[in-house]
Enquirer: 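Input: one structure, supplied below.
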Amino acid sequence: MIELDFLFIYEHKVRELEALCLMKYELDRRGYQTKIVYVDDAVNAAADTPIYHAKVLCTMACYDNYTLFWHSKEFVKFEKVIDLQWENIVYPKDEQREDAYKNYWGIGKDVVHVSWGQQNVKRLLEAAHLDEKKVKLTGHVGMDFLRAPLDRYYLSREEVLAKYDIPLDKKVILFASPYYGDCLSEKYIAGMRKAFGDDWGEYYKFMCDSQKEVLKWFEKICTEYPDIILIFRPHPGHPSLMAEKLAERCDNFRIISGESVKQWIVACDKIYTGNSSVVVEAYFAKKMCQLLFPFSTTPGYELQLIADSSKIRTYEEFQLSICNEHEEFPTPDKSIEEIYLIDWKTPNYIKFADMAEEVLRDDYYRLTKRQLRRYKEYTPMQCLIRMFIAIKPVYKFYLSLLKNPKLKWSFLERQRQIREKEYRRITDIEQQHAHELTSEEEISKIIGRIKHALED
């Protein structure tokens, strides 16, 4: 096994990778061994025994036993877990609902949870009833990229526009889509309704209807103002078929998933979004961002963050905003400060690294053997298989038989077919999400840019 102090597992590259690289940079600088991997990496997913031993596993989320098993599978052995909780902001209807999906179950009650602001700390203590010592207020590490000196990390406007073949003399508008894609499967919708309640179906309809309406607005703007380039950035992992059709009709409407939303915020002239925390990233970047709400949000689903924000409701208001060079920011400072820790003195990545060191050193955060056994929720047959795999000499001998093509025993042939079918399933998942994969070279490049911004 490869020995690590911290193993970071991510789900969406554009949402998480830059911030993880910043965390890795600081922990590496302090002398720790770290690594970043993708949650559905096929090699890791196919492993029967641990590839890594990480003293601390840092996950994208840890709501329950299933979430942790999805992250760790069999490829990593660990003693402690930090839930980075990239979905830090919950729907208002779940703020005080103790049985809410994101208020944690099983192993989710026992791990360390990162919080971006005081409102989430309050929820984790009062609604989720978590251990106060395991709730860590660090702020949002990603916001550090929007303050000096890390604001030098991003490509310049000229560089990023040239990269995507966008003329420099155009006014560039970003729409950071808050909508789940308009092509969700019935199975996915059923899963979301189970997690968040039957009214999530109504919220999904609200998103689809809203997206359809704002795309009509975008088509009018792109037609009436040919000197504008409107960039539609899909919600991570959620493509839009309606947007793709519009891109075929309008040359100045572009769908771009590449780069983080922060990169586009600093490069574009104006930003728009909807029921999303993107408005906060624009706030930290000191860029104008307006909120598009052609319809009223399904009750209980509008983020508390923007409850007091001004909103654009009609095409006429949107058109006026596009042309207006002097607007007021829609969200009050107070609303942002309740959700996000604002500390201009100490960067959030320093707070995170200090906290991570504490978790690494202190046995208080160590999961018990019983907790580490129970979270995997094996069936009786899976328990027998794991017991067999644990007898290493016998399991190695069994693998040698499987790999010998001369042996045609019916039992071995069935096992080969089962393993091949499972490997195809795993590789199919990886191929479906190939855009999420990273490499050591890409990670090194990102850290190199971070180092340049911070040290040079």
Side-chain angles (χ1 to χ4, degrees), residues 146 157 160-161 164 166-179 182 206-235 240 242-256 261-298 301-336:
L146 300 171
R157 171 187 167 85
V160 73
L161 296 189
Y164 288 91
I166 298 172
L168 296 177
D169 60 345
K170 302 289 187 180
K171 184 176 183 178
V172 183
I173 307 296
L174 171 69
F175 179 69
S177 175
Y179 312 126
D182 51 17
F206 156 80
M207 287 192 283
C208 289
D209 291 345
S210 298
Q211 180 174 226
K212 185 176 181 180
E213 184 65 19
V214 298
L215 287 172
K216 290 180 182 177
W217 297 359
F218 295 164
E219 184 163 17
K220 286 183 181 179
I221 286 294
C222 288
T223 303
E224 296 176 23
Y225 300 91
D227 287 337
I228 285 177
I229 300 289
L230 203 155
I231 296 173
F232 181 96
R233 186 178 182 280
H235 191 279
S240 167
M242 287 188 286
E244 289 172 7
K245 290 178 181 177
L246 177 55
E248 292 173 0
R249 298 194 298 271
C250 295
D251 290 339
N252 54 338
F253 178 83
R254 311 278 183 90
I255 301 173
I256 302 178
V261 70
K262 287 184 282 296
Q263 171 66 81
W264 287 111
I265 285 172
V266 299
C268 290
D269 297 298
K270 218 165 207 179
I271 300 98
Y272 293 89
T273 189
N275 195 33
S276 167
S277 60
V278 166
V279 67
V280 179
E281 292 170 285
Y283 173 86
F284 276 95
K286 297 179 173 57
K287 299 293 286 285
M288 182 52 64
C289 178
Q290 297 294 340
L291 305 173
L292 305 185
F293 277 81
F295 306 111
S296 297
T297 316
T298 306
Y301 283 90
E302 183 170 290
L303 300 182
Q304 185 64 34
L305 168 71
I306 59 172
D308 297 328
S309 300
S310 61
K311 301 175 179 71
I312 291 174
R313 302 286 187 181
T314 67
Y315 172 73
E316 289 71 26
E317 291 174 349
F318 176 54
Q319 183 182 37
L320 186 63
S321 171
I322 288 286
C323 301
N324 192 346
E325 298 299 328
H326 303 286
E327 295 180 285
E328 290 187 9
F329 200 80
T331 304
D333 292 0
K334 181 181 176 182
S335 297
I336 293 172

Enquirer: To the nearest 0.5 Å, tell me how far S277 OG sits from I306 CD1.
Expert: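 If we round to the nearest 0.5 Å, S277:OG and I306:CD1 are 9.5 Å apart.
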Enquirer: Would a 4.5 Å heavy-atom cut-off, applied to side chains only, mark V278 and P178 as touching?
Expert: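 No, every pair of side-chain atoms sits at 4.5 Å or beyond.
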Enquirer: Looking at CG of N275 and CE of M207, how far apart are the two atoms once the value is rounded to the nearest 0.5 Å?
Expert: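 One gets 9.0 Å once the value is rounded to the nearest 0.5 Å.
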Enquirer: Give the minimum heavy-atom separation between M288 and F329, together with the two atoms involved.
Expert: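 Closest pair (atom of M288, atom of F329, distance): CE-N, 3.8 Å.
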Enquirer: I want to check something: taking the side chain as every heavy atom from C-beta on, are F318 and V214 in contact at a cut-off of under 4.5 Å?
Expert: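 Heavy-atom side-chain distance check fails, nothing below 4.5 Å.
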Enquirer: Just wondering, are more than 12 heavy atoms of other shown residues or ligands nearer than 6.0 Å to CG in D251?
Expert: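 At most 12 heavy atoms, drawn from other residues, nucleotides or ligands, come within 6.0 Å of this atom.
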Enquirer: Walk me through whether Q211 and S240 qualify under side chain to side chain donor-acceptor pair (under 3.5 Å).
Expert: CA-CA 9 Å; Q211 180 174 226; S240 167; 2.9 Å; yes
Enquirer: Under the 3.5 angstrom rule, does the side chain of D308 hit a backbone N or O of P332 as a donor-acceptor pair?
Expert: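 The answer is no, because no donor-acceptor pair under 3.5 Å joins these two groups.
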Enquirer: CZ/F293 to OG1/T314 distance, rounded to the nearest 0.5 angstrom?
Expert: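 Reported value, rounded in 0.5 Å steps: 14.5 Å.
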Enquirer: Below 4.0 angstrom, N of the basic side chain to O of the carboxylate: do K311 and E317 qualify?
Expert: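 Here K311 does not pair with E317 in a salt bridge, since their nearest N and O are not under 4.0 Å apart.
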Enquirer: Mind listing the closest non-hydrogen atom pair of C250 and E219 along with its distance?
Expert: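 It is SG-CG, 4.0 Å.
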Enquirer: Say you draw a straight line from CD1 of I228 to CG of N252; how long is it, rounded to the nearest 0.5 Å?
Expert: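 The distance works out to 8.0 Å.
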Enquirer: Please report the interatomic distance CD1(I231) to SG(C268), rounded to the nearest 0.5 Å.
Expert: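 If I round to the nearest 0.5 Å, the distance is 4.5 Å.
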Enquirer: Give the minimum heavy-atom separation between T331 and L305, together with the two atoms involved.
Expert: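 Answer, listing the atom of T331 first, then L305: CG2-O, 3.6 Å.
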Enquirer: With ring centroids as reference points, do F175 and F232 lie under 6.0 angstrom apart?
Expert: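 Yes, they do, as the ring centres are separated by less than 6.0 Å.
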Enquirer: Flag the pair I265 / F284 as yes when at least one side-chain heavy-atom distance between them is below 4.5 Å, and no otherwise.
Expert: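 When only atoms from C-beta onward are counted, F284 and I265 do not touch, as no gap falls below 4.5 Å.
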Enquirer: If you compare all heavy atoms of C222 against all heavy atoms of L230, which two are closest, and at what distance to 0.1 Å?
Expert: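 Shortest heavy-atom separation between C222 and L230 comes out as SG-CB, 4.0 Å.
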Enquirer: Could you tell me if the side chain of H326 sits less than 4.5 Å from the side chain of N324, heavy atoms only?
Expert: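 Yes, their side chains come closer than 4.5 Å.
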Enquirer: Can you list the steps and then say if D269 with K171 is a salt bridge (Lys or Arg N to Asp or Glu O under 4.0 Å)?
Expert: CA-CA 6 Å; D269 297 298; K171 184 176 183 178; over 6 Å; no
Enquirer: Hey, mind stepping through R157 and V172 against side-chain contact (heavy atoms from CB on, under 4.5 Å) and telling me if it holds?
Expert: CA-CA 10 Å; R157 171 187 167 85; V172 183; 4.0 Å; yes
Enquirer: Does the side chain of K270 come within less than 4.5 Å of S321's, by heavy atoms?
Expert: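 Yes, at least one pair of side-chain atoms sits under 4.5 Å.
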Enquirer: Taking the six-membered ring of Y315, is NZ or CZ of K220 closer than 6.0 Å to its centre and within 45° of its axis?
Expert: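 Checked: cation-pi criterion met.
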Enquirer: Find out whether L174 and Y272 are in side-chain contact, i.e. whether some heavy atom of one side chain is under 4.5 Å from a heavy atom of the other.
Expert: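 A side-chain contact under 4.5 Å is absent here.
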Enquirer: Apply the test ring pair (Phe, Tyr, Trp, His ring centres under 6.0 Å) to residues F206 and F295: give CA-CA distance (whole Å), side-chain angles for both, the deciding distance (0.1 Å), then the verdict.
Expert: CA-CA 8 Å; F206 156 80; F295 306 111; 7.4 Å; no
Enquirer: So, do F253 and I229 sit near enough that their side-chain heavy atoms are less than 4.5 Å apart?
Expert: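 No, their side chains stay 4.5 Å or more apart.
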Enquirer: Distance from M242 atom CE to K212 atom NZ, nearest 0.5 Å?
Expert: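 Reported to 0.5 Å precision, the distance equals 7.5 Å.
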Enquirer: Using a 4.5 Å cut-off on heavy atoms from C-beta on, say whether the side chain of R233 contacts that of I256.
Expert: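 The answer is no, as the side chains (C-beta and beyond) never meet within the 4.5 Å cut-off.
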Enquirer: Looking at E224, I want to see if its CD is surrounded by more than 12 non-hydrogen atoms of other residues, nucleotides or ligands under 6.0 Å.
Expert: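 Enclosed: over 12 neighbouring heavy atoms sit under 6.0 Å from CD of E224.
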Enquirer: Any chance you could lay out the side-chain contact (heavy atoms from CB on, under 4.5 Å) test for I322 and I221, step after step, and finish with the verdict?
Expert: CA-CA 9 Å; I322 288 286; I221 286 294; 4.1 Å; yes
Enquirer: Before accepting this row, confirm whether a basic side-chain N of the pair R313/E213 lies closer than 4.0 Å to the acidic partner's carboxylate O.
Expert: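 Judged by the 4.0 Å cut-off on N to carboxylate O distance, R313 and E213 do not form a salt bridge.
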Enquirer: Begin from the C-alpha positions of K287 and E281 and carry the test salt bridge (Lys or Arg N to Asp or Glu O under 4.0 Å) through to its verdict.
Expert: CA-CA 9 Å; K287 299 293 286 285; E281 292 170 285; over 6 Å; no
Enquirer: Taking all heavy atoms of P234 and all of I255, pick out the closest pair and write down the distance.
Expert: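 Smallest heavy-atom distance, with atoms named: CG-CG2, 3.8 Å.
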Enquirer: Where do V279 and L291 land on the side-chain contact (heavy atoms from CB on, under 4.5 Å) test, with the steps shown first?
Expert: CA-CA 8 Å; V279 67; L291 305 173; 4.1 Å; yes
Enquirer: Give the minimum heavy-atom separation between Y164 and R254, together with the two atoms involved.
Expert: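 Scanning both residues completely, I find the closest heavy atoms to be O-NH1, 3.6 Å.
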